[in-house]
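Here is how names work: the chains are called A, B, and so on, in the same order as the sequence lines, proteins then strands, and each is numbered from 1. Scope of the values below: all heavy atoms of this structure, side chains included, with no hydrogens, waters or symmetry mates.
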There are 2 protein chains.
Amino acid sequence: MSIIFSKSCEYALQAVLYLARQPEGSRKHLREIASDLNIPYHFLNKVLQTLTRGGIVVSRKGANGGFALARSPKEITLIDIVRAVDGESSLDGCVLGFPACGEQTPCPVHDQWKRAKEVILTMLQKKTLAELGKGLDGKLELIAQSLSAGKEG
Amino acid sequence: MSIIFSKSCEYALQAVLYLARQPEGSRKHLREIASDLNIPYHFLNKVLQTLTRGGIVVSRKGANGGFALARSPKEITLIDIVRAVDGESSLDGCVLGFPACGEQTPCPVHDQWKRAKEVILTMLQKKTLAELGKGLDGKLELIAQSLSAGKEG
DNA sequence: CGAGTATCAGACTGATTTATCCGAAGTATA
DNA sequence: TATACTTCGGATAAATCAGTCTGATACTCG
């Protein structure tokens with residue numbers, strides 16, 4: 001299982017990254033997203049509902065329906081998705097679980113964890129979806145390929 | 001819930017840190033550890049059994065029994081405990097959940113996550129229990145105090 | 001309007017994690 | 001040997017997470 005993020009959150013991040021790479025104004029069907037990213041259809045359904053309620057994506061029912069980003073990929077960072085899915089405080093709390101850990105009574109790794117957290121937060125909020133998407137032109141396809149290859153084998 | 005570590009692992013880290021602060025050669029009862037650290041007795045029981053099997057602590061049954069570190073606090077780092085409880089590969093895998101993420105086909109945050117992972121690994125293996133314990137003389141007691149105060153209030 | 005399509009919403013199942021309980025087994029002391 | 005004490009280990013329950021299913025709702029187009 002993943003570190004840091006729940007499965008729901010992983011799927012959400014993948015799906016949003018996927019939508020960010022679509023031409024602006026277009027919509028993608030749940031069916032297509034799930035199949036391309038190899039995510040269980042019904043599970044992704046719920047995740048996308050959460051993202052819709054969270055204002056990250058917009059949805060449209062019926063024929064010609066589907067999902068699209070609610071805002072431009074230039075205005076969304078990964079932390080927005082994490083907050084919408086795993087909640088606001090998923091990065092708070094003492095990493096060793098001491099309930100009273102804080103600046104006055106720090107746990108043995110308090111300062112070091114603080115530094116690690118900063119690196120993680122930077123990772124999540126420094127770049128927009130647009131910038132992240134650019135860096136991997138063609139790579140998502142490669143990932144998807146090796147992915148489905150692994151499924152068949 | 002915690003990032004990175006399971007509840008079992010958190011408890012294990014707390015308990016081992018606690019044992020590292022006891023005079024060498026002494027033993028502590030499960031009852032006392034659980035009460036001091038405010039950890040569910042029966043659950044900590046299981047965790048300490050795991051640590052015993054993992055060679056982190058030694059146990060002794062019966063009167064005058066209890067738990068103690070298997071080695072000197074100078075020879076144990078936190079990563080040893082994490083490995084014994086959460087398993088070897090708890091820090092592996094793509095943080096976004098892409099199964100095919102790697103050096104050839106990196107996910108959008110692959111390099112940044114790599115850096116974060118290094119910071120975390122350093123945190124876990126750079127200092128020994130002895131060094132970690134020294135830094136917080138008296139502080140664990142403070143933590144425990146505010147902890148039980150919170151329980152009563 | 002009616003048919004077809006696609007998301008929405010909630011209930012449901014299964015797996016894993018967390019937490020609890022209790023009898024068995026080992027140890028010290030008298 | 002008897003007794004008290006403490007960990008060991010398996011069974012079980014509760015809670016959370018992951019994944020599945022189904023009917024309702026909303027939209028498009030003929």
Side-chain angles (χ1 to χ4, degrees), chain A residues 1-15 19 26-70 82 84-87 89-90 93 97 99, chain B residues 1-15 19 26-35 37-70 82 85-87 89-90 93 97 99:
Chain A
M1 119 213 40
S2 157
I3 347 252
I4 299 197
F5 302 132
S6 67
K7 212 76 187 165
S8 296
C9 193
E10 281 184 6
Y11 291 158
L13 290 166
Q14 292 184 28
L19 288 176
S26 75
R27 270 183 294 276
K28 278 285 181 180
H29 291 156
L30 166 59
R31 191 186 338 107
E32 202 171 354
I33 308 174
S35 143
D36 282 357
L37 294 176
N38 221 268
I39 298 174
Y41 178 93
H42 295 284
F43 196 10
L44 182 58
N45 186 3
K46 296 183 88 164
V47 172
L48 282 173
Q49 279 177 43
T50 304
L51 289 177
T52 304
R53 278 192 294 270
I56 306 290
V57 307
V58 287
S59 66
R60 195 151 135 191
K61 294 181 182 178
N64 244 327
F67 294 92
L69 293 184
V82 174
V85 176
D86 274 359
S89 62
S90 65
Chain B
M1 116 214 42
S2 156
I3 349 250
I4 300 197
F5 302 132
S6 67
K7 211 80 185 160
S8 295
C9 193
E10 282 185 6
Y11 291 159
L13 290 166
Q14 291 183 27
L19 287 176
S26 74
R27 270 183 294 276
K28 277 286 183 181
H29 292 157
L30 165 60
R31 191 186 336 110
E32 201 172 355
I33 307 174
S35 143
L37 294 175
N38 222 271
I39 297 174
Y41 178 93
H42 293 99
F43 195 13
L44 183 58
N45 187 2
K46 294 290 185 202
V47 173
L48 283 173
Q49 278 177 42
T50 303
L51 289 177
T52 303
R53 278 193 292 270
I56 306 290
V57 306
V58 287
S59 66
R60 196 152 134 189
K61 296 180 181 177
N64 243 327
F67 294 92
L69 292 184
V82 174
V85 176
D86 274 359
S89 62
S90 63

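Here D:dT20 presents its P atom at 17 Å from CZ of A:Arg31, a figure rounded to the nearest Å. Spacing between atom NZ of A:Lys7 and atom P of D:dT20 amounts to 12 Å, rounded to whole angstrom units. Summarising the geometry, the separation between CZ on A:Phe43 and P on C:dG10 is reported as 17 Å, rounded to the nearest angstrom. Straight-line distance from the CG atom of A:Leu30 to the C1' atom of D:dT25: 16 Å, rounded to whole Å. D:dC29 atom P lies 18 Å from atom NZ of A:Lys61, rounded to whole Å. One atom, CG of B:Asn45, and another, P of C:dC22, lie 14 Å apart when rounded to the nearest Å. Distance, B:Asn64 CG to C:dT29 C1': 9 Å, rounded to whole Å. Rounded to an integer number of Å, the gap from CD of B:Glu32 to P of D:dC5 is 15 Å.
In this structure the side chain of A:Lys28 never reaches within 4.5 angstrom of the side chain of A:Phe67, judged on heavy atoms. Annotation: side chain of B:Leu13 is not in contact with side chain of B:Glu10 (no heavy-atom distance under 4.5 Å).
Going from atom CG of A:Leu37 over to atom OH of A:Tyr11 covers 10.5 Å, rounded to the nearest 0.5 Å.
Considering only side-chain N and O atoms, A:Tyr11 lies under 4.0 angstrom from the phosphate OP1 or OP2 of D:dG19. OP1 or OP2 of C:dT18 sits under 4.0 Å from a side-chain N or O of B:Ser8. For D:dC8, the OP1/OP2 oxygens have no side-chain nitrogen or oxygen of B:Arg53 closer than 4.0 Å. Checking the phosphate oxygens (OP1, OP2) of C:dA6, no side-chain nitrogen or oxygen of A:Ser59 falls inside 4.0 Å. Side-chain N/O atoms of B:Arg27 include none lying less than 4.0 angstrom from OP1 or OP2 on D:dT6.
Between the side chain of B:Lys46 and the base of D:dG10 there is at least one donor-acceptor pair of N/O atoms closer than 3.5 Å.
In terms of heavy-atom proximity, A:Gln14 sits nearest to A:Ile39 at OE1-CD1, 3.9 Å.
Comparing atom distances between the A:His42 side chain and each of D:dT20, C:dA6, C:dG26 picks out D:dT20 as nearest. Nearest to the side chain of A:Arg60, among C:dT18, D:dC27, D:dG19, sits D:dC27.
When each of A:Ile56, A:Leu19, A:Val58, A:Leu69 is checked for a side chain to side chain contact (heavy atoms under 4.5 Å, CB included) with A:Leu51, only A:Ile56 meets the rule.
Place A:Gly62 and A:Gln49 on DNA chain C by their nearest nucleotides, and A:Gly62 ends up nearer the 5' end.
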